[in-house]
Every structure is written in structure tokens, then in C-alpha cells.
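One structure below.
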Amino acid sequence: MSEVRRYQPQSIETTWQKAWEDAGLHETPELGTGEKGFYALSMFPYPSGNLHMGHVRNYVITDVVARVQRMRGARVLHPMGWDAFGLPAENAAIERGVDPAVWTDRNIASMRAQLKQLGLSIDWKREVTTCHSDYYRWTQWLFLEFLEAGLAYQKEASVNWDPVDQTVLANEQVDGDGRSWRSGALVEKRKLRQWFLKITAYADRLLDDLAELPGWPERVRTMQANWIGRSHGAELHFPVVDAAGELTGEQIRVFTTRPDTVFGVSYLVLAPDHPQVNALTSPEQGQVVEAFCQLVARQSEQERTAEDRPKRGHHLGAWARNPANGERIPVWIADYVLADYGTGAVMGVPAHDQRDFLFARQYELPVRRVIIPEGSDDHAFEGAAWTGSGVLINSGRFDGLNGAEARTAIIAAAETEGWGLGRQQYRLRDWLISRQRYWGCPIPVIHCEHCGVVPVPADQLPVTLPEHPDLSGKGVSPLAQIKSWVEVDCPGCGRPARRETDTMDTFMCSSWYYLRYSDPANDTLPFSRENANAWLPVDQYVGGIEHAILHLLYARFFTKVLRDRNLLSFSEPFQRLLTQGMVQGLTYRNASSGRYIAPTEVVDPADPKDPVTGEQLETFFEKMSKSKHNGVDPAAVIDRYGADTARMFILFKAPPEKDLEWDDADVEGQFRFLQRIWRLVNAAQERGLSLQTVMVIDSQQTLTTSERELRRAVHTAIAAISEDLDGEFQFNTAISELMKLSNAMGQHLEASRPALACEALRSLVVLLAPFAPHLAEDLWLKLGGRTDQDELTTSSVHCQSWPVVDHTALIRDTITVIVQIKGKMRGNLEVPAGADNATIEELALTSAIADKWLQGRRPSRVIVVPGKLVNLVP
RNA sequence: GGGGGCAUGGCGGAAUCGGUAGACGCAGCGGACUUAAAAUCCGCAGACGGCAACGUUGUGGGGGUUCAAGUCCCCCUGCCCCCACCA
């Protein structure tokens with residue numbers, strides 16, 4: 001051969017990417033009235049500057065889903081955008097003086113270019129960018145909806161305060177030791193007045209509606225349920241008494257999930273920062289208590305909540321009366337009680353709660369057993385808290401009731417007698433959305449001395465960020481330092497007022513972006529009801545498990561609120577969710593020093609040594625990250641093998657929800673596979689085969705053995721791949737079916753007549769299209785699936801409909817039946833395809849297998865599974 | 001501590017409703033082509049025994065149900081993830 005002809009993805013891919021874009025192949029089609037389109041959505045990225053393999057995996061999965069749906073006749077929305085506000089841009093500004101807007105736009109441009117190299121069927125005309133005012137205008141508009149609905153409010157909340165830089169820090173800017181990431185100073189807690197969204201008002205619906213999401217992974221639903229953390233119990237009221245036992249008129253409210261243990265209460269405990277602490281502390285205890293509270297306040301969250309640390313507390317010098325039995329009990333404070341869960345106060349029942357037990361033992365508080373296991377009559381305390389179920393003792397009129405009965409009866413008594421009520425409690429807290437940062441969506445309210453909090457009128461939105469800020473990284477809110485921006489006239493009274501200087505948590509921006517894609521150019525509303533209802537809920541959402549709780553919960557919350565505001569008519573945004581596993585890279589570590597070594601520094605991968613010390617390195621797979629030097633750059637892979645190989649590898653190597661180990665040898669293997677297909681099609685073309693010629697398979701004509709094998713392989717592949725792409729997505733087995741088909745074609749194609757060869761070639765290329773779109777398109781043209789003159793928008797391989805299985809091609813004359821003797825496989829038997837059970841039994845009994853293993857004995861039992869096996873039991 | 005998940009060859013992973021365990025691929029081995037190598041093509045391949053036919057054994061460990069168990073039930077071990085002094 002005079003010229004080297006081989007598969008060269010680089011030229012193929014750029015050519016087709018341009019052709020598709022010019023033809024507008026991936027633009028979202030119009031929907032008919034009342035028609036629901038198919039919405040395939042990837043979690044949009046933060047524009048950090050470069051694409052990593054996790055992104056690639058995410059978007060390739062969604063892309064295959066979108067492409068298969070199109071080929072199945074659906075009208076598909078497959079958009080992309082940018083979650084573009086956030087800390088890294090602001091840090092770049094502080095450290096290098098780059099304008100966050102410029103930095104972000106530059107990153108978006110380079111990431112968009114990288115994404116386009118992957119050949120994703122994205123409609124770029126619908127791109128949204130959360131930091132552009134034509135988007136965040138509507139984030140502000142939606143905030144005002146929450147405000148109007150009474151779901152946004154202000155309250156004091158503590159922030160991380162860096163005393164050196166005099167600034168507020170995000171949690172991720174505080175390291176494990178409670179020090180600032182930049183100044184290294186010990187971070188303090190400071191109270192600021194901040195904005196919250198009342199997500200707790202939706203706690204029940206967010207929890208209960210999880211049942212309506214069968215298309216979500218069980219584990220994500222469980223994580224959300226645990227996060228919401230609804231528990232059933234009671235709020236009990238303990239009157240405060242003085243030293244003489246007289247009521248003072250005050251009371252302490254506690255929350256408990258075990259009202260049945262109320263007769264076992266031997267003390268009460270308040271959180272150190274509980275509002276009643278000051279009032280309850282006796283003068284003699286004042287100093288010690290205050291010292292104790294300060295000590296606890298200085299501890300970090302982590303220190304305080306470590307379960308294994310000893311519990312510490314102090315008696316306040318106050319007393320309360322147990323409303324159930326009238327006993328006088330001491331009131332304590334302790335570090336193990338949290339102010340912001342329940343009522344911030346608990347009743348101590350050492351006999352039936354492990355924490356209370358440890359606390360009581362340490363401070364020698366009395367322990368009284370009030371529940372014994374069913375059937376036991378041992379009333380003595382056994383030396384450990386009994387938290388199981390049982391029967392009440394020492395509980396007056398409730399003695400003898402079991403746990404559940406007792407809970408109901410005691411709550412009922414408390415309600416009638418006025419010392420408590422049944423209540424539900426949630427772990428979920430309201431969502432703090434204030435951020436003391438510049439690079440975020442401004443909260444559109446104005447503070448006026450006369451009118452109070454005044455929303456910015458809708459026609460004055462957006463409240464735009466001041467351009468070219470001078471960010472120092474110091475001070476409370478960066479926006480507060482820009483006088484010209486802060487000082488405005490009150491929209492209500494016209495007198496001088498001040499803008500809110502906090503910006504919103506970026507999760508606000510990402511809680512509704514999926515709605516904007518349905519109507520991205522709307523300049524009168526964030527989205528129209530009609531467009532949102534036509535495309536949403538999202539049919540398939542794909543993204544990382546790291547968003548299992550926050551993002552997905554907030555998005556669900558938004559959808560429910562917007563539905564209640566009558567802006568939508570559905571209440572769950574994402575019908576089906578796929579959480580893809582992470583991409584891991586080969587990691588080298590020096591076990592003694594803990595140092596990570598870059599693969600490029602390792603001389604012999606078979607026997608990896610530390611290039612500096614010569615020590616043996618340990619190798620393993622771990623999530624790709626800069627600090628571990630185990631990342632693989634998508635651009636380099638595309639450069640070398642092309643996007644189609646990268647796509648195929650990622651889809652084939654592991655099921656989508658499992659972690660994927662990046663392996664260069666396997667990438668090479670995928671490339672070889674695509675090359676094999678390329679050669680197969682080219683050889684066929686040289687043989688003169690063309691899809692332009694109409695080929696009819698004459699059903700009268702008998703097929704040769706090769707031809708029948710070929711047809712069976714084609715239709716087996718169609719059936720198997722179709723099934724793999726239905727329901728659970730099994731891209732890995734779908735691709736293995738493509739490999740089987742190509743193997744069979746290598747064997748039978750040449751020996752088959754053109755009509756049959758063409759059917760096989762056409763099927764192979766069409767089935768390949770969602771996975772390796774560029775190669776498929778190129779081979780489609782080469783095979784004459786279309787001509788250069790045809791419009792791409794109708795004749796592209798991606799516009800072909802999904803192949804249909806011809807079940808007659810799968811029929812065989814004979815089938816192989818397994819012969820078992822007492823459940824053990826001993827051989828197999830060719831029987832006519834239509835043979836009934838009696839025939840199969842007869843054939844098995846007279847077979848050589850039966851002779852050998854039964855030696856003339858008659859089986860006592862014969863089990864025939866039609867078409868599968870026959871089991872002879874002696 | 002609570003909740004969820006996983007465990008299959010040298011490796012990644014297949015296996016419908018309980019019905020031939022190891023599809024497909026990677027790495028490996030053998031052969032063809034080549035002066036040679038690469039590439040390509042063909043073949044072998046769980047482990048143990050055997051020249052072979054074949055046999056035994058085998059899905060983290062133990063028990064059970066069944067004609068038949070990777071799959072269902074019980075117990076145990078190991079690993080991963082989430083939440084965690086939540087009253």
C-alpha cells in the first residue's frame with residue numbers, strides 16, 4: 001500500500017465539531033403545545049480554569065443519555081452553564097489583583113473550549129452564567145419572592161472572624177486547628193445579623209416527598225432523610241423552684257424523644273449559651289459558671305462535639321420540679337448540650353441514656369431505673385444505661401406500660417395537665433445565606449432608619465455589583481467599604497438609606513439554574529411557567545455524590561416554594577438522578593515520609609522508587625488531585641487519542657456510579673477498538689459496499705451459516721444495547737456488546753452478501769454513534785449513509801432512529817440444553833428449538849451423560865427448565 | 001454510636017426471575033507475518049491433579065433453605081461512604 005491509512009481522530013473530530021455547530025445540530029427543538037420534552041442535565045461546573053476528569057465523566061454520561069433519547073425520537077434539552085460566583089475568584093483578586101469578573105470570564109472561555117473538544121451535544125445557545133447580571137437579576141427577584149412569602153428573615157448568627165485580617169472567613173477557610181488559612185490567626189466566633197431562608201418550614205415535605213423519587217439512588221434519599229433528621233418526641237416543661245421548693249414562675253423547656261423516662265429524671269442540663277443561664281445562676285455560682293461558659297465558647301465546634309471526650313458541666317445553683325412526680329432536681333449546664341438543637345435544654349435520665357449516665361457518674365448524680373426489659377423483675381440499676389425497650393417501673397400510675405404505650409400516655413397526661421406537649425424535632429436548621437464577600441449575588445434590600453428593611457423594587461433589579469473593586473481581604477463585607485454603592489435613597493420614603501452589603505451563598509444561584517435553561521432569554525421573568533412546565537422536571541440529572549445533601553436539598557426546597565408561589569406546577573425538580581463515581585489516578589507515595597511522588601518522576605513503574613531517597617514507594621488509586629500528583633489532564637488524552645477514545649474508555653471501564661481507575665493501558669485498548677472498527681468499515685467501503693444502494697434481504701432466500709451468524713450478532717447487539725441503556729444505565733456492558741458485534745463482523749462480514757453486510761455495518765455505526773459521535777459520523781459518510789450534499793440536520797448519523805430488533809434473526813434451529821446430575825453440570829445436549837419438556841427429558845435420559853453418571857439407575861426426579869437445562873436427580 | 005453500601009481470576013468488571021460463574025477488556029503466554037521490532041491477525045488462559053479425555057475445587061468466612069445458591073435467609077469478618085454528645 002502506497003499511503004499509510006489509519007484512524008486519525010484529531011482531524012476527524014475538529015472537522016465534525018465545526019460541521020455540527022455550523023448546522024446547529026444540537027440546538028433545542030421547539031416543542032408542540034402540551035408536549036413534554038426530554039431534559040438531560042449535568043450539574044454545572046464552577047469555572048476554576050481547567051477541566052478535570054471528573055467533569056469529563058459527568059458530561060459524557062449525560063451526553064450519551066441525551067443522544068440516545070434523540071435517536072429514540074425525543075425532543076431533547078441538553079444545556080450547560082457556569083456556577084460562577086464564589087471564593088476562588090475573590091482570592092485571585094486579593095492575591096494577584098485580578099478583577100474577579102475578568103478572571104471568571106477568562107476561565108469560562110477556556111473551559112468552554114475544552115468542553116467543546118469532547119463532542120458533547122450541548123445547546124450552547126442556552127448557556128447561563130450565574131455571575132452575569134442577566135442571570136443574577138433573577139436570583140435577586142427570586143429572593144424577593146422568598147421575602148414576600150415570609151420565608152426570608154434576619155437574625156443574629158455567628159461567623160468565623162479572623163482577628164488579624166479583620167475579616168469574616170468561610171468554613172473552608174478555617175483549617176482543622178481553627179486557624180485562618182491566610183493570617184494563621186486563631187479564628188474567633190462573632191455575632192452578625194444575617195439573612196436566613198426558612199427551609200425548616202418545608203422539612204416535612206422535603207422528607208415525605210423523598211418517597212416520590214424512586215429514580216434517585218437509595219443512598220442519596222437516605223442521606224437527605226438523615227440530614228433532615230425528623231424525630232418524634234415531646235417538649236416537657238419543668239417549673240423552676242427556689243431553695244425552699246417554692247415556684248419562681250419561671251420554667252425550663254426540654255425536648256426529649258423519651259417522655260416515657262420522665263420519672264427517671266434526676267437533673268436538668270442547659271447548654272452553656274442557653275438564654276436562661278444568666279437568670280438561673282445563683283450568686284454563689286456566678287463566677288465559676290461564667291468562667292466555664294467562656295471556656296466552652298472558646299472551643300471549636302469540633303472539640304466540643306467529639307463524642308469520646310469527657311463531658312464537663314457545672315451546677316447552676318438552681319432547682320426545678322419534675323412535673324411528673326413533683327421531685328426537686330438540680331439544674332446544671334454542660335458542654336455536651338447544644339443550644340441550637342431542640343430547646344437547648346435536656347432532662348438527665350442516667351439510667352436510660354448513655355451520655356446522661358456518664359455525666360451522672362462523673363458528678364455523682366442519682367440514677368434511678370424506670371424501665372426494665374420485658375420479663376425481667378430486677379429493679380436494681382445494672383451499671384449501664386438501658387436504652388432498649390421495656391416496661392415502666394417506679395413511674396406511678398404508668399407502671400406496667402410498655403415503651404410505646406407509655407410515651408403516648410405520658411404525652412397525653414402532660415397535655416391535659418399542662419406540663420408539656422407532643423412535638424416533632426428536626427436536625428435541619430434554617431439556611432444561612434449571608435456571605436460577607438464581594439463575588440456573589442447582592443441581596444436586593446435596603447435598610448432604612450424609618451421604613452426598616454425595604455426590598456429593592458422589581459423594576460430596579462438587578463442590583464449590580466460595583467465594577468473593578470479594590471479588594472484587600474480585610475474588613476467586614478467588601479461591599480460595605482464602597483460608599484458610593486452603599487448609600488442610596490430609600491425606595492419607600494426617599495430619605496438616605498443603606499444597601500445590604502452581604503451577598504448570597506452561591507448555593508442560591510445553583511438552586512434554580514435548571515429552570516432558567518428552559519427559558520434562558522426571558523427578560524421579564526426568571527422563566528415562564530409554560531416553558532418550565534414543558535421541559536421540567538429534569539428527566540435525568542447527572543452529577544457527583546458530593547452534592548447529595550446540600551445542592552439537591554436546596555434545589556428541591558426552591559422548587560416547592562416556587563410551586564407554592566404558583567410559578568410552577570410540579571414540586572420535585574429532578575425525576576431521576578445518577579450520581580457518578582469519582583475518577584481515581586495512580587498514586588505513588590513514600591510511606592515513611594508521606595510524600596506523594598508524581599508518576600513522571602518514577603523511573604520504573606514496575607518497581608517504583610523514591611527518586612530522592614531511593615525508598616520503595618507504595619502505589620494505589622485515589623481521587624485525582626493536585627497535591628497527590630495523580631491527575632490526568634483531559635486535554636492531553638484528547639490530544640493523543642481523541643475525544644472518542646476518552647469517552648469510550650470512561651464509559652467502558654466501570655459502571656457509571658462506581659469509582660473509575662484511570663489506566664493508560666486500557667485507554668490504549670479502547671483506541672485499538674475504535675481503530676478496528678475504522679478498518680472494518682474502510683475495508684467494506686473498498687469492497688464497494690454502500691448504504692446508498694437499496695438492499696433488500698430476500699426472506700425467501702436461504703442464508704448461509706455465516707450470514708445467519710452475522711444477522712444474529714447484529715440483532716443480539718441491538719437487543720442487548722437497547723436494554724443496557726434503558727432504566728439503569730449500563731454503558732460498560734453496552735460497549736462490550738459493541739465489541740462482540742465487531743468481533744462477529746470480523747469473522748462473517750466478508751463471507752456475507754452485500755445486503756446482509758450492509759445491514760450489519762449500518763447497525764454497528766448507528767449503535768456506536770452515542771458513544772463515539774465523531775467516528776460514527778465519519779464512518780457514516782464513508783459508508784454512504786449520507787452524501788456531502790445532504791443537509792446534516794436530517795442525514796447525520798445522529799439523526800437516525802435507533803435500530804429495531806428483528807426477533808426472527810435470534811431464532812435458532814437447535815438449542816443447547818445443560819444436563820445436570822443432582823444439580824451438578826455434567827454436559828450439554830443439542831435439542832431441536834421447539835422440543836417440549838417430555839422430549840428433552842427423553843433425550844437426556846438416553847444420553848451418554850446419563851449413562852455415565854447414572855449407570856442404569858432411574859432418576860427419582862427430573863426437572864426440566866424449558867430452553868435451559870435438565871436436572872436428573874438419582 | 002446511628003444509617004447506607006460493597007466483597008467474584010493477576011487487574012477492571014459480566015452473569016435476566018435462583019438455572020453452564022468469570023461475558024467484554026487490560027495485563028500475560030504461545031503462534032503467524034517481518035531481516036528484526038512495532039503494529040496487525042490467530043490461539044491459550046480461575047485454581048489444583050493429569051500427556052490427554054477428564055476429575056476435584058472455586059464468587060470474603062461459617063451455617064441454612066432448594067433438585068439447583070455469586071444470587072434468597074441467619075451469623076461473622078474486612079473495606080468504603082454519610083451523619084454523629086441531636087437529647
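Just so it is clear: chains get the letters A, B, ... in the order the sequence lines come, proteins before strands, and each one is counted from 1.
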Nearest-angstrom distance, P atom, G13(B) to C6(B): 13 Å

Indicate, with a heavy-atom threshold strictly under 4.0 Å, whether G669(A) touches base, sugar-phosphate, or nothing. sugar-phosphate

For F652(A), report the nucleic acid contact type (base, sugar-phosphate, nothing); a contact means any heavy atom under 4.0 Å. base

According to the Watson-Crick and G-U wobble definition with distances under 3.5 Å, which dot-bracket string, read 5' to 3', encodes RNA chain B, using [ ] for crossing pairs and | for pairs with another strand? (((((((..(((......[....))).(((((.......))))).((((....))))..(((((..]....))))))))))))....

Have a look at R221(A) and say if it touches a base, only the backbone sugar-phosphate, or nothing, with a 4.0 Å heavy-atom cut-off. nothing

Rounded to the nearest Å, what distance is computed from the CD atom of residue Q224(A) to the C1' atom of nucleotide G3(B)? 15 Å

Listing request: all side-chain hydrogen bond (donor to acceptor under 3.5 Å, both in side chains) pairs with a residue in residues 735-746 of chain A, at least two apart in sequence or in separate chains. E737(A)-K740(A)

Mind checking if R219(A) touches a base, just sugar-phosphate, or nothing, with heavy atoms under 4.0 Å? sugar-phosphate

Measuring from the side chain of M223(A) (C-beta onward, heavy atoms only), which nucleotide among C82(B), A23(B), C24(B) has the closest atom? C82(B)

Hey, is the side chain of D666(A) pairing donor to acceptor with the base of C26(B) inside 3.5 Å? no

Indicate, with a heavy-atom threshold strictly under 4.0 Å, whether E737(A) touches base, sugar-phosphate, or nothing. nothing

Please confirm whether any donor atom in the side chain of E218(A) sits under 3.5 Å from an acceptor in the base of G5(B), or the reverse. no

Select base, sugar-phosphate, or nothing to describe what N732(A) touches, counting heavy atoms under 4.0 Å on all strands. sugar-phosphate

